[in-house]
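Contents: one structure, followed by commentary.
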Amino acid sequence: MKQKDLCDKHTPISTTLEARMKIKDSLNLPKSSIPMKANLSQREPQMLTRWEDTKIYDQIIEKSEGHPKFILHDGPPYANGHIHMGTALNKILKDFIIKSRFMAGFDSRYVPGWDCHGLPIEHQVEKDLKAKKIPLVKTDLRKRCRTYAEKFIDIQREEFKRLGVFGDWDNPYLTMKFPYEATIVREFGKFVEKGGVYLGEKPVYWCASCKTALADAEVEYAEHRSPSIYVKFPLVSKVPGLPEDTPVYVLIWTTTPWTIPANLAIALHPDFEYAAVRVGGEIWILAGELRDLVLSGMGVKNYETLATFKGADMERLVCRHPFLEKDSILILADHVTLEAGTGCVHTAPGHGQEDYEVGLKYDLPAYAPLDDDGRFTEDVPFFAGQFVFDANQAVIAKLEEVGCLLKVEELEHAYPHCWRCKSPIIFRSTRQWFISMETNDLRGKALKAIDQVRWIPAWGHDRIYNMVENRPDWCISRQRSWGVPIIALHCEDCGRVLLDAGLVNRVADLVEKNGADVWFEKDLNEIFDPMPACPHCGGKNFRKETDILDVWFDSGVSHAAVLQQRPELRWPADLYLEGSDQHRGWFHSSLLESVGTRDTAPYKSVLTHGFVVDGEGKKMSKSLGNIVAPGEVIKKYGAEIVRLWVAAEDYRNDIKISQDILKQLTDGYRRIRNTFRFMLGNLYDFTFEKNAVSVAEMAEIDRYILHRLAYISNRVLKAYEAYDFHVIYHTIHTFCAVDLSAFYLDVLKDRLYVSHPESPERRSSQTGLYHLVNVLARLLAPILAFTMEEIWQAFRPFTPFEEASVHLTAFAEIPSSFENRDLADRWERLLEIRQEVSKVLEEARKNKEIGHSLDAQVTLTVNEKTYDFLKDYEVELDDIFIVSRVVLEKSDGAPLAVTVTPAPGVKCERCWHYKTDVGTDGEFPTVCGRCAEVLCSLA
RNA sequence: GGGCCUAUAGCUCAGUUGGUUAGAGCGCACGCCUGAUAAGCGUGAGGUCGAUAGUUCAAAUCUAUCUAGGCCCA
């Protein structure tokens with residue numbers, strides 16, 4: 001039999017249209033107050049305007065007056081370019097926390113900040129000026145940089161607001177504001193006062209044609225032909241076990257012959273095995289593993305290995321420089337490899353980063369006898385005045401002359417070049433300012449402070465601990481323009497440096513009023529009145545230090561400039577929250593700055609998130625073409641989907657994003673939205689004050705869902721507490737799909753639609769819906785900030801609540817009456833049986849015995865125990881299973897058997913149940929007894 | 001090369017101190033409904049837990065190595 005036939009045959013249809021309409025009108029069908037289609041990208045801006053007009057953030061602040069403070073201190077993004085997915089992720093996570101902490105009863109404000117000084121902006125501005133052929137003048141450049149930063153702060157501010165992030169956007173902190181700049185100077189002064197600042201040497205990239213230091217970001221690698229030479233250094237020290245009458249040499253290899261004059265050491269790996277090989281009348285030392293390769297490369301055929309040594313055994317033996325009157329000692333370093341060369345590495349601490357670092361361990365100076373043009377100074381015999389790249393040949397010739405050159409080749413390799421003039425650059429030791437890690441035991445104190453902080457995830461502790469434990473002194477100077485100057489004076493009379501906290505603070509006061517520009521714009525006698533005297537020679541002729549501070553120092557003082565200076569905030573912060581790269585960045589600089597000046601960390605806990613990667617887990621890059629931009633996602637899906645993305649993924653690891661994931665999120669979003677829409681739609685004739693039913697009087701199924709709601713609420717609140725946002729999304733989404741949509745709401749339809757509108761059972765269900773919306777909307781408000789606001793506006797008329805925005809509410813307190821373990825146990829058992837019934841219904845559906853489940857009668861054949869249990873629910877079982885009739889039968893022991901047959905009786909036109917009492921009422925011949933009763937009472 | 005981290009069904013996530021046939025939601029397939037309808041309901045098929053080797057009576061869960069990927073250094 002076909003389904004249609006079955007229906008036609010058994011469903012009496014009212015003969016007149018009027019009667020049909022009357023019956024349909026008597027149903028309490030939902031009246032939706034919010035549209036099914038979210039249309040987020042168009043509606044969100046309206047919501048933003050509303051929030052702006054009502055000054056929502058100010059209202060939140062007002063409401064949190066007197067609440068305990070929770071301080072999340074914003075790490076300042078760099079004021080350059082548009083925001084990307086990573087910045088969006090970071091700001092949204094912060095917004096989740098700010099909003100949820102407020103709703104949990106805290107005064108949690110958000111003061112956003114921007115990092116304004118620094119190279120990238122200076123670069124951009126410099127480029128613009130070059131293009132327009134405007135000459136570079138430092139003071140003018142600085143003004144243009146400021147304007148440039150302002151422009152991007154405005155752009156980013158709008159982009160952040162568009163994401164639904166609340167905060168003090170009208171009054172953010174900027175590292176270039178005068179008072180902030182003054183704080184930077186003062187904090188620097190504190191280090192000066194404690195003796196932590198010193199002038200030292202450090203090799204940096206140097207462009208000899210531009211005569212300037214280059215930052216890493218200014219270096220481009222390109223192919224370059226270099227000489228490749230093997231050189232022997234005579235070993236002066238006697239080595240036990242080697243014949244004393246034979247000269248011994250250590251073999252090195254280098255591609256920068258011009259650095260040979262600056263050689264101070266030869267580095268060996270402590271664990272490698274080195275061989276002493278007799279070649280003719282000499283003994284050569286080189287790594288055992290490279291022996292055959294190197295010697296055959298030189299055409300040496302006959303050799304004999306006399307002995308082998310561990311690198312560690314040769315530490316501090318002394319070699320003689322091949323042609324200069326100085327020694328070169330053997331040192332140990334882990335960076336030595338066997339990939340190229342001889343395993344004995346020519347070390348010039350003034351010309352290489354690794355050489356410099358290992359040199360520090362052996363107290364070797366960063367010797368770099370070059371001038372700004374890249375020419376050897378008078379200090380260097382034979383080559384004084386020569387440009388280093390030209391000197392390569394001269395050095396090779398000299399080595400040849402003294403008989404220490406073993407081999408010359410040419411090598412094509414990637415070599416650093418200047419981003420500006422494209423010429424090859426050199427590594428050159430320069431004078432730089434440092435903060436010592438050892439003065440006042442900064443390192444030790446920082447390590448102790450790290451132990452006091454809660455790192456989330458916990459491995460953050462090890463990561464930053466290892467960094468601080470091993471890092472060199474903090475180089476705080478940059479040879480740049482756009483930043484805060486290092487306040488120091490160079491005595492023109494004696495050449496010494498005048499570094500004094502008192503002077504620093506005098507300048508800080510000027511900076512507070514006029515900005516850091518005063519240092520560059522004003523003459524020294526305008527800045528200092530009276531002019532200090534040089535403590536070394538008494539002279540009063542000074543030159544200003546022109547270096548600026550590392551921008552990490554700028555942002556590192558934010559705890560002092562923001563937390564300690566804004567009355568609404570508090571020091572230290574409860575939380576810093578940034579990407580995991582900031583263990584080296586802001587967490588690190590803030591820690592050192594704070595420990596150096598205040599002995600403790602500026603934060604109690606630090607939360608890190610991973611990086612945004614594409615669907616395959618690969619990082620986003622222009623060359624891969626896999627970049628997803630927030631603007632495009634907002635346009636296509638809405639900011640709400642971006643927020644949901646942040647909430648759905650576990651941000652501790654890398655966070656994937658792809659069209660696939662976004663599609664999935666929109667599906668998840670729709671499920672949540674429709675669930676709320678349906679619940680609201682069924683509250684149209686309900687207000688809490690007039691119609692609510694007390695928990696004790698509610699139907700069991702409604703009380704069961706309240707029990708579930710209490711569980712969900714508790715779980716979600718704990719997750720907010722632990723910043724486990726993905727748990728929140730998954731918990732609520734599953735709750736909406738499984739508990740609500742597939743069970744509770746589906747079962748409720750009959751009662752909501754069919755019952756008398758004022759009936760207790762309908763009011764009971766509506767009370768259930770009311771609590772669901774009230775609790776869930778608040779729980780989701782920090783995440784779905786736009787949608788829950790929309791829900792709240794639709795919901796408020798049914799409530800006594802005065803809050804005009806969901807963001808002004810607190811999380812709902814769950815009355816203890818919602819929880820009922822025994823009742824929940826019973827309902828979970830019912831749900832298990834329901835599951836079994838569903839399976840059998842599906843079989844019947846497949847066999848074309850039924851279509852809709854209401855076509856069915858279900859017979860449960862159960863054992864004694866189950867029978868007794870189900871007997872209590874006998875009248876409700878048809879509702880729970882959404883079938884027309886349930887028959888209970890005792891089995892002879894089998895726990896549960898389900899059979900499905902077509903329901904007896906006739907289909908009621910109103911409630912669609914098959915009932916045997918359809919037609920018994922004379923006035924309404926097409927409906928069942930229950931419906932007839934309702935119709936009568938409505939008439 | 002070093003420090004830290006990640007790797008469970010197509011996707012997003014669960015899997016407590018190692019212990020029965022590895023779970024959920026979504027998606028997918030098939031079907032139902034047409035009174036949540038650019039919705040809703042049901043059933044079902046999908047992983048042997050990145051790979052390998054160990055420890056163990058027993059491992060997704062511990063160890064080592066490797067592979068792929070991420071951040072930070074070099």
Side-chain angles (χ1 to χ4, degrees), chain A residues 3 23-24 27-32 35-37 269 334-339 352-354 357 457-467 469-471 579-585 588 608-620 644-645 647-650 652-656 658-668 670-671 673-682 724 726-727 729-738 741-743 745-750 752-754 834-835 837-846 848 850-855 882 910-912:
Chain A
Q3 192 49 46
I23 285 170
K24 176 131 186 172
L27 292 167
N28 317 302
L29 296 180
K31 296 190 170 103
S32 295
M36 179 178 292
K37 195 156 187 290
H269 196 288
D334 290 334
H335 68 258
V336 175
T337 71
L338 297 172
E339 278 164 26
Q353 184 62 36
E354 285 172 332
E357 277 170 23
W459 51 257
H461 171 275
D462 294 354
R463 189 169 151 103
I464 194 167
Y465 194 97
N466 288 343
M467 286 177 185
E469 195 171 31
N470 296 312
R471 64 159 296 151
S580 60
D581 56 334
Q582 300 303 326
H583 286 115
R584 167 61 65 179
H588 196 115
T608 53
H609 60 252
F611 276 69
V612 180
V613 294
D614 71 9
E616 264 70 58
K618 298 246 167 65
K619 72 166 145 196
M620 294 190 173
L644 201 60
W645 165 71
E649 309 249 340
D650 184 350
R652 293 172 190 78
N653 305 326
D654 290 331
I655 307 108
K656 290 189 197 172
S658 65
Q659 291 306 316
D660 205 37
I661 291 168
L662 289 168
K663 162 81 168 53
Q664 186 191 203
L665 287 164
T666 55
D667 287 340
R670 259 205 304 275
R671 164 64 63 158
R673 181 182 180 87
N674 277 329
T675 303
F676 275 100
R677 180 172 174 271
F678 178 78
M679 293 193 288
L680 283 173
N682 282 294
D724 283 339
H726 67 287
V727 170
Y729 168 71
H730 288 282
T731 299
I732 295 185
H733 181 257
T734 303
F735 182 64
C736 285
V738 179
S741 204
F743 168 59
L745 300 181
D746 209 25
V747 168
L748 238 51
K749 284 172 194 166
D750 181 71
L752 289 167
Y753 300 171
V754 176
R834 187 177 191 261
Q835 181 81 39
V837 170
S838 283
K839 280 184 187 145
V840 182
L841 284 171
E842 184 62 22
E843 260 173 61
R845 198 170 286 131
K846 241 179 202 134
K848 307 286 182 197
I850 59 163
H852 195 284
S853 58
L854 280 177
D855 300 341
I882 318 187
R910 187 164 177 278
C911 72
W912 292 349

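Nothing here was measured: the structure is a model prediction, and the numbers come from that model. In what follows, chains carry the letters A, B, and so on, assigned in the order in which the sequence lines appear, proteins first and then strands, with residues in each chain numbered from 1.
Syn is the classification of G46(B), since its glycosidic angle stays within 90° of 0.
The residue Q664(A) sits close to a base: some heavy atom pair falls under 4.0 Å. Looking at heavy-atom distances under 4.0 Å, N674(A) makes contact with a base. Residue contacts shown for M679(A) are absent, as no nucleic acid heavy atom lies under 4.0 Å away.
A sub-4.0 Å separation between OP1 or OP2 of U37(B) and a side-chain N or O of R677(A) is present. The phosphate of G40(B) has OP1 or OP2 within less than 4.0 Å of a side-chain N or O from R671(A).
With U43(B), C4(B), G70(B) as the candidates, the nucleotide lying closest to the side chain of Q835(A) is U43(B).
Where pairing requires Watson-Crick or G-U contacts shorter than 3.5 Å, the helical stems of RNA chain B with at least three consecutive pairs are B:1-7 with B:67-73, B:10-13 with B:23-26, B:28-32 with B:40-44, B:50-54 with B:62-66.
Among residues two or more places apart in sequence or in another chain, the salt bridge (Lys or Arg N to Asp or Glu O under 4.0 Å) test is passed with K749(A) by D746(A). Among residues two or more places apart in sequence or in another chain, the side chain to side chain donor-acceptor pair (under 3.5 Å) test is passed with D614(A) by N626(A).
A donor-acceptor contact under 3.5 Å is not formed by the side chain of R471(A) with the base of C73(B). Interface remark: the S32(A) side chain does not form any donor-acceptor pair with the A36(B) base, using a distance-only criterion of under 3.5 Å. The base of G35(B) is paired with the side chain of K24(A) by a donor and an acceptor separated by under 3.5 Å.
On the C1' atoms, A51(B) is 15 Å away from G69(B), given to the nearest whole Å. Look at the P atom in both A53(B) and U17(B): the space between them is 27 Å, to the nearest Å.
G35(B) has no stacking from Y753(A) on its base ring, since the centres under 5.5 angstrom apart and planes within 30 degrees of parallel are not both found.
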